[in-house]
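Scope of the values below: all heavy atoms of this structure, side chains included, with no hydrogens, waters or symmetry mates. When a ligand or atom number is given, it counts from 1 through the structure's own listing order.
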Amino acid sequence: MANNEPGFSTLAVHAGAQPDPTTGARATPIYQTTSFVFEDADHAASLFGLKAFGNIYTRIMNPTQAVLEERVAALEGGTAALATASGHGAQLIIFHTIMRPGDNFIAANKLYGGSINQFGQAFQSFDWQVRWADPANIEEIESQIDDRTRAVFIESLANPGGTFVDIAAIAEVAHKHGLPLIVDNTMASPYLVRPIEHGADIVVHSLTKFIGGHGNSMGGIIVDGGTFDWSNSGNYPMLSEPRPEYGGMVLHETFGNFAFAIACRVLGLRDLGPAIAPFNAFLLLTGAETLPLRMQRHCDNALEAARWLNAHDKVAWVSYSGLEEDDNHALMQQYSPKGAGAVFTFGLAGGYEAGVKFVESLEIFSHLANIGDTKSLVIHPASTTHRQLSPEQQTAAGAGPDVVRLSIGIEDIADIIGDLEQALAKV
Ligand SMILES: *Cc1c(COP(=O)(O)O)cnc(C)c1O
């Protein structure tokens with residue numbers, strides 16, 4: 001074996017997996033079982049007491065899930081990971097682990113519409129308060145931090161506008177106030193951006209998008225960066241106080257730099273329940289193997305499509321940080337030199353009506369609410385993903401009424417541009 005740390009593409013294919021020790025199967029088997037037999041009563045007791053690590057019940061842990069977790073932790077450069085049934089399930093477990101009723105967190109106002117709903121609406125029932133801030137405005141983030149703030153949450157590449165965020169600058173202000181930085185890295189994927197290298201403490205993904213990549217399975221994952229000192233302040237009691245059900249164990253003392261991932265599993269997933277199905281873990285793992293190839297093709301196709309649209313006289317504007325003239329281009333080159341991702345927005349000179357006509361005229365592009373599929377996708381955010389938001393929130397999130405969002409697939413670029421061309425001709 002070479003001594004060097006394997007490269008990203010090698011990790012994407014191999015990290016966390018070995019030929020099956022029992023059967024020799026080369027692909028990771030789908031362990032389609034709810035539960036696992038104990039060796040004896042002592043073994044069972046030590047598993048339940050967290051004295052030994054092993055499988056008990058698929059809600060908490062499963063060998064197919066475990067390979068997916070190791071794979072994504074390696075791709076992100078984290079210490080451990082926890083896979084969940086969806087990206088939203090992952091976010092719920094993260095905040096359940098760090099928030100008490102009455103606590104608050106700062107979140108970027110440029111986020112996936114579903115996250116804006118989850119934070120602004122569902123989390124209200126738990127009395128977890130969200131404070132929105134422009135991720136490009138460090139003072140606005142800092143001025144909202146108080147003694148009940150427990151975290152800062154951003155997207156590395158913000159959905160739907162496709163803008164990169166200065167992760168290192170935000171990490172610095174979060175750490176100055178003793179707070180972890182949580183980064184949703186769904187849109188960039190670790191092929192483009194590895195947030196932990198820029199100061200993030202926790203990375204979260206919707207695996208549903210680029211890591212799975214084929215639009216066939218839901219999944220989420222939490223990656224523990226292993227960087228945050230959970231015992232420093234007493235503000236994170238799940239990690240820093242004795243757990244009666246585990247014999248008074250203090251998770252951060254026992255598990256050190258992967259305590260956050262453990263807490264998310266043995267408290268969050270155990271009690272809240274959004275476990276990923278083994279079959280979905282298998283499909284997402286298969287997708288992860290080709291992430292580097294797919295992501296580069298997504299980026300190359302998106303850049304060509306954005307350039308072509310930008311030169312079209314029915315197009316009012318294109319917002320894609322891969323374009324040299326884009327306001328976000330310098331940050332893109334700093335954080336994501338291999339490309340600017342698959343997703344971008346543009347506005348048609350004809351406004352809302354033209355946008356609807358355009359979306360309905362496309363043939364290769366599918367009109368649906370998803371991103372990160374091998375297939376090219378299109379949506380009109382103001383009437384779909386972002387419709388629950390007020391007009392002000394829509395515009396702040398880059399999803400105003402004239403905006404069309406594209407997620408460029410891995411088809412031949414000539415066919416992608418041909419489809420855009422025929423649809424624009426009908427507008
Ligand atoms: C889709 C998405 C989510 C939510 O993930 P689900 O798997 O749909 O629950 C969160 N963040 C971003 C950026 C997303 O695109």
* Asked: Residues in salt bridge (Lys or Arg N to Asp or Glu O under 4.0 Å) with D103, at least two apart?
  -> R148, R150
* Asked: So, for G341 and C299, which heavy atoms are closest and what is the spacing to 0.1 Å?
  -> N-SG, 3.3 Å
* **Y236-F228 aromatic ring centre distance below 6.0 Å** =>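 Distance test on ring centres: under 6.0 Å, yes.
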Under 3.5 Å, N/O to N/O: give me all the pairs between ligand 1 and the protein, one per line with atom names and distance.
from: ligand 1; atom 1: 5 (O); to: S206; atom 2: OG; distance (Å): 3.1
from: ligand 1; atom 1: 7 (O); to: G87; atom 2: N; distance (Å): 2.9
from: ligand 1; atom 1: 7 (O); to: S206; atom 2: OG; distance (Å): 2.8
from: ligand 1; atom 1: 7 (O); to: T208; atom 2: OG1; distance (Å): 2.7
from: ligand 1; atom 1: 9 (O); to: G87; atom 2: N; distance (Å): 3.1
from: ligand 1; atom 1: 9 (O); to: H88; atom 2: N; distance (Å): 2.9
from: ligand 1; atom 1: 11 (N); to: D184; atom 2: OD2; distance (Å): 2.6
from: ligand 1; atom 1: 15 (O); to: N159; atom 2: ND2; distance (Å): 3.4
from: ligand 1; atom 1: 15 (O); to: K209; atom 2: NZ; distance (Å): 2.7

* **Donor-acceptor pair, side chain of T79 and main chain of D224, under 3.5 angstrom** => yes
* Asked: Mind checking what makes ring-ring contact (aromatic ring centres under 6.0 Å, His included) contact with F123, not counting sequence neighbours?
  -> F95, F119, W128
Let me check something: any side-chain donor-acceptor pairs from residues 267-290 under 3.5 Å, sequence neighbours excluded? List them with distances.
from: R270; atom 1: NE; to: V266; atom 2: O; distance (Å): 3.2
from: R270; atom 1: NH1; to: E245; atom 2: OE2; distance (Å): 3.1
from: R270; atom 1: NH1; to: Y246; atom 2: OH; distance (Å): 3.4
from: R270; atom 1: NH2; to: E245; atom 2: OE2; distance (Å): 2.9
from: N280; atom 1: ND2; to: M218; atom 2: O; distance (Å): 3.1
from: T286; atom 1: OG1; to: F282; atom 2: O; distance (Å): 2.9
from: T290; atom 1: OG1; to: G287; atom 2: O; distance (Å): 3.2
from: T290; atom 1: OG1; to: R294; atom 2: NE; distance (Å): 3.0

